[in-house]
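This report concerns only the one structure given below.
For the single chain, residues carry numbers from 1 onward in sequence order. Since the structure is predicted, the reported quantities are computational estimates derived from the model, not experimental observations. Side chains included, hydrogens not; waters and symmetry mates left out as well; all remaining heavy atoms used.
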Amino acid sequence: MTMRRLGRSGLEIAPLVFGGNVFGWTIDEATSFRLLDAFVDAGFNCVDTADVYSKWASCNKGGESETIIGNWITSRGSRARIVIATKVGMEMTADRKGLRKAYILRAVEDSLRRLQTDVIDLYQSHTDDADTPLAETLEAHASLVKQGKVRAIGASNYTAGRLAEALAISSRLGLPRYETLQPNYNLYDRSELEGPLEAICLKEGLGVISYFSLASGFLTGKYRSEVDLSKSERGGDVKAYLNPRGFRILAALDRAAARYGATPVQVAIAWLLARPVITAPIASATSPVQLAELVKGARLKLDGETIADLTTASRAEA
């Protein structure tokens with residue numbers, strides 16, 4: 001397994017990140033344990049979560065995903081085998097949100113407790129907080145790095161302008177910089193990353209771990225009409241993809257899958273890994289079959305002609 005660097009952090013991960021948003025939501029703890037075991041046994045080592053996962057589920061308050069990961073780490077004695085990436089900033093309660101220094105210093109203690117660890121490998125600002133000076137947020141992260149509670153920091157859902165400003169502040173003040181970016185990026189959703197944001201990441205050597213790598217399941221190929229939307233809890237998120245461009249992408253995925261004896265899932269993951277800016281895509285699985293698909297995709301190498309066909313098919317209409 002070829003490892004990939006997360007920016008200049010010194011952290012290295014395998015080219016697939018397990019998305020922990022499903023833990024405590026669409027899968028229970030026992031199933032989560034089995035999938036985490038299989039993921040690590042397959043040679044992968046990074047799990048992404050957030051303090052807010054999965055607050056949106058009925059009866060949940062947030063923190064469920066971190067708690068399950070922490071229980072797994074303790075039960076397996078596997079801390080040294082895993083890179084933990086979690087996030088802070090999304091609203092937990094009315095008074096527990098944002099990126100103020102005082103809140104970050106409070107929130108990290110909750111995450112450390114739930115994760116049952118002394119240090120978080122990658123601590124990410126979950127979304128930009130326009131009401132908090134970037135310097136204040138970065139100073140909070142710097143304090144955590146100095147205390148040994150965090151190894152590296154990252155940004156999620158930042159615009160090119162705000163990311164560039166944050167990097168400049170870190171350089172000017174001698175503070176730890178964001179070493180990673182977590183954007184929404186896949187064969188369909190390309191506009192957020194491509195352009196100025198991608199250019200900054202490449203220039204500054206940031207690691208990019210993309211989320212929604214399968215476009216809420218659309219790129220699996222199982223949603224090809226509105227009738228299919230009832231196939232899962234996330235089906236409603238897919239409706240916007242059912243348009244001429246979406247169908248064009250599915251056709252290109254089908255062509256590539258036939259060429260390689262693969263599946264659309266595998267091809268969609270492989271296309272992401274062929275992009276120079278992507279360090280590793282984040283993807284979730286709720287069953288061993290789904291996880292096996294993701295693992296195969298991370299190992300699939302596409303030729304230039306196939307990559308070009310997929311890239312052309314997925315371009316937004318002028």
Look only at the side chain of D121 and the backbone of I84, and say whether a donor-acceptor pair between them is shorter than 3.5 Å.
yes
Any donor-acceptor N/O pair, N45 side chain to E12 backbone, under 3.5 Å
yes
Residues that D95 engages under salt bridge (charged side-chain N to carboxylate O under 4.0 Å, His left out), provided they are two or more places apart:
none
Non-neighbouring partners of R96 that pass salt bridge (charged side-chain N to carboxylate O under 4.0 Å, His left out), sequence neighbours left out:
none
Within 6.0 angstrom of D41 CG, more than 12 heavy atoms from elsewhere
yes
I'd like to know whether CZ of R5 has more than 12 heavy-atom contacts from other residues, nucleotides or ligands below 6.0 angstrom.
no
Would you call L294 and V265 a side-chain contact if the rule is heavy atoms closer than 4.5 Å?
yes
Taking the side chain as every heavy atom from C-beta outward, state whether K149 and E109 have any pair of such atoms under 4.5 Å apart.
yes
With sequence neighbours excluded, what pairs up with F18 under the ring-ring contact (aromatic ring centres under 6.0 Å, His included) test?
F23, F39
Tell me every residue that passes ring-ring contact (aromatic ring centres under 6.0 Å, His included) with Y188, counting only those two or more places apart in sequence or in another chain.
Y241
How long is the span from the CD atom in Q266 to the CG atom in L219, to the nearest 0.5 Å?
13.5 Å
Can you tell me if [X] and [Y] form a side-chain donor-acceptor pair at under 3.5 Å?
X: Y178; Y: S125; result: yes
X: T311; Y: W271; result: yes
X: S284; Y: N21; result: yes
X: S111; Y: D51; result: no
X: T286; Y: T26; result: no
X: Y211; Y: D189; result: no

Got a sec, which pairs hit ring-ring contact (aromatic ring centres under 6.0 Å, His included) with one end in residues 278-315, sequence neighbours left out?
none
Yes or no on side chain to side chain donor-acceptor pair (under 3.5 Å) for T306 and D309, after CA distance, side-chain angles and deciding distance?
CA-CA 5 Å; T306 302; D309 184 39; over 6 Å; no
When the side chains of residues 197-208 are checked against the rest of the protein, which donor-acceptor pairs come out under 3.5 Å, sequence neighbours left out?
none

